[in-house]
Amino acid sequence: MRFRTPRPALLGYALAAVLFVVHVLGVGGEAVQITLFKVVAPLLNGVLVGLGWRAWHLARAAGHEAARRHLFLAGCAWSALGLSSVVQLVHLLAAGDLSFPSMSPLVILLDLMVPAFLIPALLTTPVRERWSSSRLRLGLDTATVMTAGAVFVWYFLAGPDASAPAIVMTVAQLLGMFAIARLWIGGVAEISRRAMGWAMLGAGVQMAIGFLPTGTGPHLVLAAKQVFTATVIAALVAHLRNLTVGEQNREPVAVRPASLLPYAAVAAVDLLLVGVLVEHGLDPASWVVLAGAMLLTGIVVARQIVGVRDNSRLVLRVDAGMAALRVAIDREHVLSDLGTALLRTSEAAEVHRLASAAAETLLAGHPSARTAIVVAAPMAEQWTVVHASGVGAAELIGLEVPGSAVPPAVLARLTAGEVLEAPGWSALGLAGFEGHRDRPIMMLPLLAGRRFFGVMTIGVDEELPDDLVKALHTLRTQVALALGGVALTAELTMQARHDTLTGLGNRTLLRERLTGALARSRRTGRPSGVLLLDLNGFKTVNDTYGHDVGDRLLRVVADRLRLCVRTEDTVARLGGDEFVVVAEDLRDKVDAVLIAERIITALNEPVVIDGHELRTPASVGITLSRPGETPDDVLRYADSAMYAAKRAGGGRFHLYGVFPQLRN
């Protein structure tokens, strides 16, 4: 599924970009700048509100509790921001209010509600925890950054003469900084990493606005607010993408367990200290002590950084090993589940489906991979793609290639069990695939003993890891053995239900088909006809020319009988020279008589074997099923009618319960 950036987001990006340029250039002066900002702000904030609540709706529908909670609080914040911009626009239109920032109590209240919702949204965002001491380490690191931030915020924003609003904003800035530091150090979990990255960038822009020097023109502040708006839109779009199609960039296998941000915070405070002391002055002795203290701090920090680096390398190796182990276990589970499913499968089509699904799961980490199950028809005369998965799979399913298009050398290597690897179809000399993009391909033959069932092909742009290749070989072996088992079962079933000499059904198949036919007749009310026939003179053929000629004659008779009946009818051999035809869904006795006439006509034709012209006319007994009759009943009635026809002479039929009739 492909994600498309919503049109409101594209509109927001365009408006923010245009306003950013206008504000940076200071077009029209301060009054025009503020007017333009207040007119367009409701529209831009409306984009934030719409995207925010849409993302919340998707998170709730998907059952993502952490994302739902975070996006609900964020949606409330953007709603407050949007309402604030609407109030400012009303004041502008009604009273020409060009104050910036607005001094309206309602606007101030709504503006304070924005961090009141956003800070809990950030604080409740879950972080990753890998070790038992993660919470303690995360708390200490966050406290370090928090302390440094408090020093900077107090020095630049509040100071000893700060007013109540300044103190409130300072506390809000500190809480926001704490939430950002927590996410930066700990790393987010269950929520889009990309969205959190944009959110932290936006928070940084908002904090930077507070650090702008006093007297800075409003046009630069307004330009910075457009950057803030664009980052928020990007964060909401990332949330939508994650909730719709998942993260585009997957979480790396190994994540660094520690952050250098606390050490950067210590260095920043030291630099601030130097700046303050330079401004206020110190005697030489104090500078020596200060320099020594800072040097010792630097040495300790450097020592800690070296330790963190070494520990990080060790943790990364452990994480990589654990990740590889998890992947191996997942592959074992896939193969184990496949083996269990194959044991319960008796259809080749189901084996193909399971094989394709398992291969797709094994190759899930390779988006460019494509798998196909290609079946080679009897003696590899026709190759057909019965299942495919991955990129461009739809264009392959059902593709048929004649066996003659496969080079004999390639076929010989495959039927010998060799796995073929090539840079593309053309390199193997395979015709019929010209319309498909060439890329590295691996062909794994599905071979069980001497039975060749086809191939499983894997096409992928990048080189596959060795352990994944081994898993695919194991998959190939499982599938080949399952296909061999299905084929063997089919053969045994065929032998158990069919006559080995003629290929017709035997007594077992006859009883199954006859039982089903009688059941359907009871439901539909239309009778089934049973025709039992015997060859006159067959014993003479056996005695005169031998059993080999007799067997060949029986095979000819079987072929002629197949041509005399419908596809849905059943022809079976009871034994010797006795055959039975079961014809379903007859209208009346005339339909059965027509079949009997075709059989008598066909079997009256002479058969030439080894120069001997043989004639074995058939005597046919016919019965139509009646409600309540069993298979034994109808066979007994047909047998009785057959003997009546036989007494009347060869090449005749008799309908049970009716006076003997001669063939016209």
Side-chain angles (χ1 to χ4, degrees), residues 63 130 190 246-247 250-254 317-376 385-391 393 396-397 414 417-421 440-493:
R130 288 174 292 276
E190 301 180 25
E247 288 281 9
R250 298 189 173 191
E251 187 78 14
V253 173
R317 285 198 294 267
V318 172
D319 281 352
M322 293 296 294
L325 180 60
R326 285 194 296 269
V327 171
I329 292 175
D330 290 343
R331 287 172 182 161
E332 288 297 325
H333 284 166
V334 171
L335 296 175
S336 176
D337 292 344
L338 174 64
T340 302
L342 291 176
L343 289 176
R344 300 193 297 263
T345 302
S346 58
E347 298 289 338
E350 180 65 8
V351 174
H352 297 148
R353 187 191 67 79
L354 291 171
S356 180
E360 183 178 13
T361 303
L362 291 176
L363 293 164
H366 299 270
S368 66
R370 181 171 64 190
T371 305
I373 306 296
V374 185
V375 172
V385 179
V386 294
H387 270 285
S389 59
V391 179
L396 273 183
I397 296 177
L414 290 174
E418 182 180 349
V419 175
L420 303 184
E421 296 186 37
I441 186 172
M442 179 167 56
M443 301 182 70
L444 297 95
L446 302 175
L447 197 68
R450 295 185 177 180
R451 297 174 181 269
F452 177 65
F453 300 102
V455 294
M456 180 172 66
T457 67
I458 309 294
V460 63
D461 292 331
E462 66 271 15
E463 185 177 356
L464 298 177
D466 292 340
D467 53 346
L468 178 54
V469 173
K470 290 180 181 178
L472 292 172
H473 279 269
T474 303
L475 170 64
R476 182 273 302 257
T477 301
Q478 287 181 301
V479 173
L481 291 176
L483 290 173
V486 168
L488 181 59
T489 301
E491 286 187 2
L492 294 176
T493 302

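Throughout, residue positions are numbered sequentially from 1 according to the sequence presented. These values consider heavy atoms only, across backbone and side chains, with no hydrogens, waters or symmetry-generated copies.
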Seminar exercise, completed: To the nearest 0.5 Å, atom CD of Q478 lies from atom CG of L446 at 12.0 Å

For this session: Report the C-alpha distance between M456 and L475 in whole Å, list the side-chain angles of each, state the deciding distance to 0.1 Å, and finish with yes or no for side chain to side chain contact (heavy atoms under 4.5 Å, CB included).
Result: CA-CA 10 Å; M456 180 172 66; L475 170 64; 4.0 Å; yes

Problem set entry | Under 3.5 Å donor-acceptor, T493 side chain and T489 backbone | yes

Exercise. Checking E462 side chain against H366 main chain: does a donor-acceptor pair fall under 3.5 Å?
Worked result: no

For this session: Return yes if some donor-acceptor pair links the side-chain N/O of R331 with the main-chain N/O of A471 below 3.5 Å, else return no.
Result: no

For this session: Kindly determine whether V460 and R370 satisfy side chain to side chain contact (heavy atoms under 4.5 Å, CB included), including the steps that lead there.
Result: CA-CA 6 Å; V460 63; R370 181 171 64 190; over 6 Å; no

Exercise. If you look at every heavy atom in P465 and D467, which pair is closest and at what distance?
Worked result: CB-OD1, 3.1 Å

For this session: Report the distance from atom NZ of K470 to atom CG of L335, rounding to the nearest 0.5 Å.
Result: 13.5 Å

For this session: Taking all non-hydrogen atoms of both residues into account, name the closest pair between P445 and F452 and its distance.
Result: CB-CE1, 4.1 Å

Exercise. In Å, rounded to the nearest 0.5 Å, how long is the span from CD of E421 to CG of L444?
Worked result: 8.0 Å

Exercise. If we only count heavy atoms from C-beta on, is the T457 to M443 side-chain gap below 4.5 Å?
Worked result: yes

For this session: Please check if atom CD in E491 has more than 12 non-hydrogen atoms from other residues, nucleotides or ligands closer than 6.0 Å.
Result: yes

Exercise. Taking all non-hydrogen atoms of both residues, which atom of F453 and which atom of A487 are closest, and how far apart?
Worked result: CE2-CB, 3.9 Å

Seminar exercise, completed: For L354 and A341 the tightest heavy-atom approach is CD1-CB, 3.8 Å

For this session: Could you tell me whether the side chain of V375 reaches within less than 4.5 Å of the side chain of H352, counting heavy atoms only?
Result: yes

Problem set entry | From E350 atom CD to L342 atom CG, the distance as rounded to the nearest 0.5 Å | 9.0 Å

Problem set entry | Straight-line distance of I329 CD1 to R326 CZ, nearest 0.5 Å | 9.0 Å

For this session: Find out whether L447 and R476 are in side-chain contact, i.e. whether some heavy atom of one side chain is under 4.5 Å from a heavy atom of the other.
Result: no

Problem set entry | Approximate separation, where rounding is to 0.5 Å, of L363 CG and L468 CG | 5.5 Å

Problem set entry | Trace of the side chain to side chain contact (heavy atoms under 4.5 Å, CB included) decision for R353 with I373 | CA-CA 9 Å; R353 187 191 67 79; I373 306 296; over 6 Å; no

For this session: Determine, step by step, whether V486 and E347 satisfy the side chain to side chain contact (heavy atoms under 4.5 Å, CB included) criterion, reporting the C-alpha distance in whole Å, the side-chain angles of both residues, the deciding distance to 0.1 Å, and the verdict.
Result: CA-CA 6 Å; V486 168; E347 298 289 338; 5.9 Å; no

Problem set entry | Least distance between heavy atoms, A448 atom then G484 atom | CB-CA, 4.0 Å

